[in-house]
Colleague: 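Shown below is the structure under consideration.
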Amino acid sequence: MEDRIIICKKDGVTISAKFTDRRCNRLSFYRDETTLRVGDIYIGRIESLVPSMNACFVNIGFTDNVYVPFEKMNSPYIEPAHRDGKIHVGDKLLVMIERLPSKNKPASAVMDISLVGNKLVLLQGRKGLSFSKKITDSERREALKSLFAEKKCDDFGLMLRTNAPFSSDEELLTEYSLLTDTFRSITERFRYGKEGTRLYQGLPEYLCFLRDEYLPELSELVTDDPDIFSQVQAYCKQFLPNVSDKVRFYADKRISLYHVYDMKRIIEEATARKVWLKSGASLVFDKTEAMTVIDVNSDKASEAKGAKGLLHQINLEAAEEIMHQLMLRNLSGIIIVDFINTKGSDDEKELLKLLQELSRRDYRRTVAVDITELGLVELTREKREVPISERIRQLSFIP
């Protein structure tokens, strides 16, 4: 397989897209107009405690306060320390933005700071070494344990990300030093800093897109924006030295990168309610408050649906496309799929096995749970960002 990442702009919106064997399987949209970013770390002051919500509201220097749940303050940096061991209104504290404001909801933050690199994550409030669940090579895990055996720290724990096993020891230790130096700088500056001071700025989404990608198969990263090109080069030089020589600048003024890769068509596919399969069958996507529902229809393949095994083959084809669409659309949470009923236990087992195998390829944690008595397939997918369709609405973006 060959992966390619493109970063382009249209109407003030930065679009990041990953292609595998010429087919787009991941999208991200970003407009650099907001003063807040996910991952920003601020010095705040507690404005109010709301026990009924099990949370507090913190002033970080903006008009609206941020929401901080008590469950996400296991090892907080707070001044002053109180004899009763509790937090009080007026306390100075360190918070990290976890979610930006949306609709009628304020931004939310956590007091357990984490610094995310391409290979490692520093986690305040934890201890020891942990691994991404996608790292299954036991021999490599033991080697990594030995590498970081002497790097234990009481201030934070360390998690190795999916990219870690494919990196050299030198690259891992270099990133570890960068993250630990940054962490110590933040905590030192907190001591004498003032409320509303931003101590650390989160990455723009197009760099988060790159940071979170699985990159061993990357053949090229190309952008037509000079500022983005410079930032990507600087980031790769620091965190992804093996990718630095794959960064390209697209300089053709006659046609934009957006049009070269036909991004309008790709975005329309990622937001369409109906997706056609090669067999003539189709998928229909419906989003509710609680879950995403996907219906598999035989549609144009119905003329031959009496053929032996055809409906099962449609289900297998649909399973491949559904897993692709989950990544492309960034769907998450509970996902229910109504496959065509083939009334065969062996067919159901094969279908579930295929879904479980495909889910392991996802860059987000995805689980094919089971097939219910009604023949509905239950999936869950880790939630980090909003679906592509909602993100486009937030940005008022027209492809």
Side-chain angles (χ1 to χ4, degrees), residues 30-117 120-128 130 152-159 178-205 208 383-386 394:
Y30 173 74
R31 193 192 295 276
D32 195 8
E33 292 178 353
T34 178
T35 51
L36 268 184
R37 289 180 185 172
V38 172
D40 284 355
I41 298 175
Y42 281 87
I43 299 174
R45 176 173 53 82
I46 297 178
E47 286 284 323
S48 61
L49 301 172
V50 189
S52 61
M53 297 175 65
N54 202 30
C56 63
F57 285 88
V58 175
N59 185 338
I60 60 170
F62 291 85
T63 304
D64 297 323
N65 297 326
V66 298
Y67 167 86
V68 183
F70 292 152
E71 63 183 20
K72 295 191 176 181
M73 49 175 68
N74 297 316
S75 183
Y77 280 83
I78 295 180
E79 292 182 353
H82 300 281
R83 288 185 177 181
D84 59 10
K86 298 179 180 179
I87 60 173
H88 295 259
V89 171
D91 285 353
K92 170 185 166 183
L93 71 170
L94 197 63
V95 294
M96 183 179 72
I97 303 300
E98 184 179 50
R99 190 192 68 234
L100 298 179
S102 62
K103 297 181 181 178
N104 298 321
K105 294 182 179 180
S108 68
V110 298
M111 292 173 63
D112 298 325
I113 306 303
S114 61
L115 293 179
V116 184
L120 311 171
V121 185
L122 260 59
L123 299 161
Q124 180 201 349
R126 296 195 195 178
K127 291 185 179 181
S130 59
K152 294 179 181 178
C153 179
D154 293 334
D155 292 334
F156 52 79
L158 186 66
M159 186 185 79
L178 286 168
L179 293 177
T180 53
D181 288 348
T182 301
F183 183 87
R184 293 190 175 106
S185 172
I186 290 168
T187 54
E188 180 65 27
R189 289 157 60 204
F190 167 74
R191 295 177 183 176
Y192 55 83
K194 296 181 179 179
E195 168 197 325
T197 302
R198 184 175 63 192
L199 300 179
Y200 178 82
Q201 186 174 31
L203 296 174
E205 283 190 32
C208 290
K383 184 174 183 178
R384 293 194 189 175
E385 302 97 16
V386 299
Q394 288 176 351

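Atoms considered below: every heavy atom in the structure, side chains included; atoms not considered: hydrogens, waters and symmetry mates. Remember, predicted model here, so these are calculated numbers, not experimental data.
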Colleague: Just distance, no hydrogens or angles: give the donor-acceptor pairs under 3.5 Å from side chains in residues 42-53, sequence neighbours left out.
Modeller:
unit_1 : atom_1 : unit_2 : atom_2 : d
R45    : NE     : E195   : OE1    : 2.6
R45    : NH1    : E47    : OE2    : 2.9
R45    : NH2    : E47    : OE2    : 2.7
E47    : OE2    : N59    : ND2    : 3.4

Colleague: Is the shortest side-chain heavy-atom distance between Y30 and R37 below 4.5 Å?
Modeller: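 When only atoms from C-beta onward are counted, R37 and Y30 do touch, with a gap below 4.5 Å.
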Colleague: Side chain to side chain contact (heavy atoms under 4.5 Å, CB included), that's the test. Do Q124 and S114 meet it? Break it down for me.
Modeller: CA-CA 6 Å; Q124 180 201 349; S114 61; over 6 Å; no
Colleague: Side-chain contact test, heavy atoms from C-beta onward, threshold under 4.5 Å: evaluate it for L93 versus V58 and give yes or no.
Modeller: yes
Colleague: Under the rule for side-chain contact (heavy atoms from CB on, under 4.5 Å), what residues qualify as partners of K194, not counting sequence neighbours?
Modeller: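 side-chain contact (heavy atoms from CB on, under 4.5 Å) list for K194, sorted by chain: T197.
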Colleague: Could you go through V95 and I41, starting from their C-alpha distance and side-chain angles, then the distance that decides it, and tell me whether this counts as side chain to side chain contact (heavy atoms under 4.5 Å, CB included)?
Modeller: CA-CA 6 Å; V95 294; I41 298 175; over 6 Å; no
Colleague: Taking only residues two or more places apart in sequence or in another chain, which ones pass salt bridge (Lys or Arg N to Asp or Glu O under 4.0 Å) with R191?
Modeller: E188
Colleague: To the nearest 0.5 Å, how far apart are OG in S130 and CG in L158?
Modeller: 7.0 Å
Colleague: Quick check: does any side chain N or O of K92 sit under 3.5 Å from a backbone N or O of G193, one acting as donor and the other as acceptor?
Modeller: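 Yes; judged by distance alone, with no hydrogens or angles, the pair exists.
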Colleague: Taking all non-hydrogen atoms of both residues into account, name the closest pair between F70 and A55 and its distance.
Modeller: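 Heavy atoms of F70 and A55 come nearest at CZ-O, 3.3 Å.
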Colleague: Using 0.5 Å steps for rounding, measure from the CG atom of L115 to the OG1 atom of T180.
Modeller: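 Spacing of CG (L115) from OG1 (T180) equals 9.5 Å.
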Colleague: Identify every side-chain donor-acceptor pair in residues 61-69 under 3.5 Å, counting partners at least two apart or on other chains, and give the distances.
Modeller:
none

Colleague: Determine the minimum heavy-atom distance between T182 and L178, stating which atoms define it.
Modeller: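 That closest heavy-atom pairing would be OG1-O, 2.8 Å.
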Colleague: Keeping to residues at least two apart or across chains, list the ring-ring contact (aromatic ring centres under 6.0 Å, His included) pairs with something in residues 178-201.
Modeller: F156-F183
Colleague: With sequence neighbours excluded, what pairs up with D40 under the side chain to side chain donor-acceptor pair (under 3.5 Å) test?
Modeller: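 Result, side chain to side chain donor-acceptor pair (under 3.5 Å) vs D40: none returned.
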Colleague: Drop me the distance from L199's CG to I186's CD1, to the nearest 0.5 angstrom.
Modeller: 6.5 Å
Colleague: Which residues pass the side-chain contact (heavy atoms from CB on, under 4.5 Å) test with D84, not counting sequence neighbours?
Modeller: H82, K86, H88
Colleague: To the nearest 0.5 Å, what is the distance between CD on E79 and CG on D91?
Modeller: 9.5 Å
Colleague: Who pairs with D181 by side chain to side chain donor-acceptor pair (under 3.5 Å), at least two apart in sequence or on another chain?
Modeller: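 Expected list: none.
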Colleague: Got a sec, which residues hit side chain to side chain donor-acceptor pair (under 3.5 Å) with K72, two or more places apart in sequence or on another chain?
Modeller: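 Expected list: E98.
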Colleague: Which pairs pass salt bridge (Lys or Arg N to Asp or Glu O under 4.0 Å) with one or both residues in residues 106-117, sequence neighbours excluded?
Modeller: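 Matches after skipping sequence neighbours: none remain.
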Colleague: Start with the C-alpha gap between L36 and I60, add the side-chain angles, then the distance that decides, and say whether side chain to side chain contact (heavy atoms under 4.5 Å, CB included) holds.
Modeller: CA-CA 11 Å; L36 268 184; I60 60 170; 4.1 Å; yes
Colleague: Quick one, V386 and Q394 - any side-chain contact, counting heavy atoms below 4.5 Å?
Modeller: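 Yes; the side chains approach each other to less than 4.5 Å.
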Colleague: State the CG-CE distance between L94 and M111, to the nearest 0.5 angstrom.
Modeller: 8.0 Å
